[in-house]
Amino acid sequence: MSNLLGRHRAVMPRWVSLYYDDPIEIVSGKGRRVTDSDGRSYLDFFGGILTTMLGYDVLEVREAVERQLRTGVAHTSTLYLIRAQVELAERIAELSGIANAKVFFTNSGTEANETALLLATHARRSDQVLALRNSYHGRSYAATAVTGNRSWKNSSLSPLNVHYLHGADRARFPRLSDEEYLAFCVDDLQHVLDTATAATDVACLIVEPVQGVGGFTAAPDGLLAEYQEILDRYGVLLISDEVQTGWGRTGEHFWGIQAHGVTPHVMTFAKGLGNGFAIGGVVAEGTLMDALPANGISTFGGNPIATAAAGATLDYLLAHDLQANAHRLGHLLIDGLRTAAEGLPIARDVRGKGLMFAVDLIDPDTGAPSPPLAARVMEHAKGRGLLIGKGGLYGHTLRMAPPLTLTEDEAGEGLGILLDSLAAAC
């Protein structure tokens, strides 16, 4: 492994970071477990950053891809009809709840968010965009511009005029009740519109219902409905970034924004839809999607292989009611972690929905966010056979998002390892 690590560092950018003091190479997987090049097995509680949604080596997905490969057509581009693409778009349009919806496929969530921003700024003839603090929407130019976490902003230059709102930072206002925090956020939005923007000319608000890189922080349920009530007065569009929250991962709803009781004008998706195959996209009101005046294309977006995998993934997800599984096991894991955290001086603010949960790590003496402790717990977990992720504004948050096919036994096993690892780091 040291040889491969050296080769990686020689040819890959420094900003492409690796987990662990001794990074691992994953060479095989089955179910919710993976094996590294040294033959060590791990229970995976991060799923390729929420991408391996069904787990590894799922027969139905593999067979769908193999059927397409046997045709000899791995790629044609959107210049030609692609049956699997049309069929998948029909299903996503229906599942979205957006009236008269149309779908455009991309390769990633970053590209999906770029497309959504293009739709909104063109429709409103404005470069003004609202976003939430601590958000993450991708690594390209406009997606970086609307990202509200400086750890992921490589440039202050921007093609957009962006204003950041409160909404997912509830923990920063402990003296406010939930009702007071909601009122504070709504007042903040109105104040931004009154002072910092030409309010009648704002293009959109883009939000993650649960912030991914931000450490699985979330706007309180109902806040986005209150935001939309104000935005509707000015014609401002609402974009829901469902790259990490879509497909039932939060357990309570199929799309994260449904917790707020609103239907957005645009939703973006990616990550788990292909169960490891690269696919993302945008679903939006048809008139909004059709309004772009110039030609558009996505060379690889929605290609025959990716859409075959995505169709099979969606079939499996719905047939096995994995949203219900996420809801049930999410409660088990979050409640167990929350109870144990009360006796752990380094753990603070356990939060999450479904199979998307996190815990902040703090210095027990000062209460300050502690990235070194997060790294230490990750090492302990790895040593015990569990892969987890991290994030948060300061890199001090452990975040877990197992495949939605997780079993109750595996949930208990993973929780036990996580708790042992937290205790070992104290």
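With hydrogens and angles ignored, the 3.5 Å screen pairs a side-chain donor or acceptor of R351 with a backbone N or O of D349. A distance-only check finds a donor-acceptor pair linking the side chain of K382 to the backbone of D22 [under 3.5 Å]. Put simply, the side chain of E114 gets close to the backbone of A142: a donor and an acceptor are under 3.5 Å apart. A donor-acceptor distance shorter than 3.5 angstrom exists from the side chain of H260 to the backbone of L224, with no hydrogens or angles considered. Remark: the backbone N or O of E226 is not paired with any side-chain donor or acceptor of E229 at under 3.5 angstrom. Using a distance-only test at 3.5 Å, with no hydrogens or angles considered, no donor-acceptor pair links the side chain of H8 to the main chain of L4.
Using a 4.0 Å cut-off between charged side-chain N and carboxylate O, R124 and D201 make no salt bridge. A salt bridge links D221 to K353: one of the charged nitrogens lies within less than 4.0 Å of a carboxylate oxygen. Salt-bridge formation is not detected for the pair R40/D38: no Lys NZ or Arg NE/NH1/NH2 atom is positioned less than 4.0 Å from an Asp or Glu carboxylate oxygen. Look at D290 and K102 and you find a salt bridge, because one of the NZ, NE, NH1 or NH2 atoms lies within 4.0 Å of a carboxylate O, short of that distance. The existence of a salt bridge linking R33 and E413 is confirmed by a sub-4.0 Å separation between a basic side-chain nitrogen and an acidic carboxylate oxygen. A salt bridge does not link R32 to D409: none of the charged side-chain nitrogens sits closer than 4.0 Å to a carboxylate oxygen. A salt bridge is defined here as a Lys NZ or Arg NE, NH1 or NH2 lying under 4.0 Å from an Asp or Glu carboxylate O, and E408 with R328 meets this definition.
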Take H327 and E252 through the side chain to side chain contact (heavy atoms under 4.5 Å, CB included) test and state the conclusion after the steps.
-> CA-CA 6 Å; H327 186 263; E252 298 173 351; 4.0 Å; yes
Report the C-alpha distance between T268 and N113 in whole Å, list the side-chain angles of each, state the deciding distance to 0.1 Å, and finish with yes or no for side chain to side chain donor-acceptor pair (under 3.5 Å).
-> CA-CA 6 Å; T268 60; N113 285 330; 2.8 Å; yes
Going through the distances and angles, do F357 and F216 end up as a ring pair (Phe, Tyr, Trp, His ring centres under 6.0 Å)?
-> CA-CA 6 Å; F357 58 99; F216 294 169; 8.0 Å; no
May I have the step-by-step check of side chain to side chain contact (heavy atoms under 4.5 Å, CB included) for L117 and C204, ending in yes or no?
-> CA-CA 8 Å; L117 291 167; C204 63; 4.1 Å; yes
Quick one: do E208 and E242 satisfy side chain to side chain contact (heavy atoms under 4.5 Å, CB included)? Show the steps, please.
-> CA-CA 6 Å; E208 302 163 276; E242 299 277 351; over 6 Å; no
Report the C-alpha separation of T397 and D360 in whole Å, then their side-chain angles, then the decisive distance to 0.1 Å, and conclude whether the side chain to side chain donor-acceptor pair (under 3.5 Å) test is met.
-> CA-CA 4 Å; T397 303; D360 291 340; 2.7 Å; yes
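Open room surrounds CD on E94; 12 or fewer heavy atoms of other groups in view lie less than 6.0 Å from it. The local environment of CZ in R384 is crowded, with over 12 non-hydrogen atoms from other residues, nucleotides or ligands closer than 6.0 Å. Counting heavy atoms of neighbouring residues, nucleotides and ligands inside a 6.0 Å radius, atom CG of N100 does not exceed 12 of them.
Side-chain contact annotation: Y164 with D188, donor-acceptor N/O pair under 3.5 Å absent. A donor atom on one side chain and an acceptor atom on the other are not found under 3.5 Å apart for N134 and D169. Side-chain atoms of Q85 and T307 form no donor-acceptor pair, as typed in the model, at a separation below 3.5 Å. Checked by atom type, the side-chain pair Q128/T197 shows no donor-acceptor distance below 3.5 Å. Neither side chain, E285 nor T287, offers a donor N or O lying under 3.5 Å from an acceptor on the other. Inspection of the S370 and D363 side chains reveals no N or O donor paired with an N or O acceptor under 3.5 Å. In this structure, a donor-acceptor pair under 3.5 Å is present between the side chains of N107 and E111.
The aromatic rings of F269 and W255 sit tilted relative to each other, their planes meeting at an angle between 30° and 60°. Under the 30°/60° scheme for interplanar angles, the aromatic rings of Y181 and F173 are found to be tilted.
Cation-pi geometry between K30 and Y56 is not satisfied (NZ or CZ under 6.0 Å from the ring centre, within 45° of the ring normal).
Contact of the R91 side chain with the V103 side chain is not registered, since no non-hydrogen atoms from C-beta on lie closer than 4.5 Å.
Interatomic distance, CD of Q211 versus OG1 of T245, reported as 11.0 Å (0.5 Å rounding).
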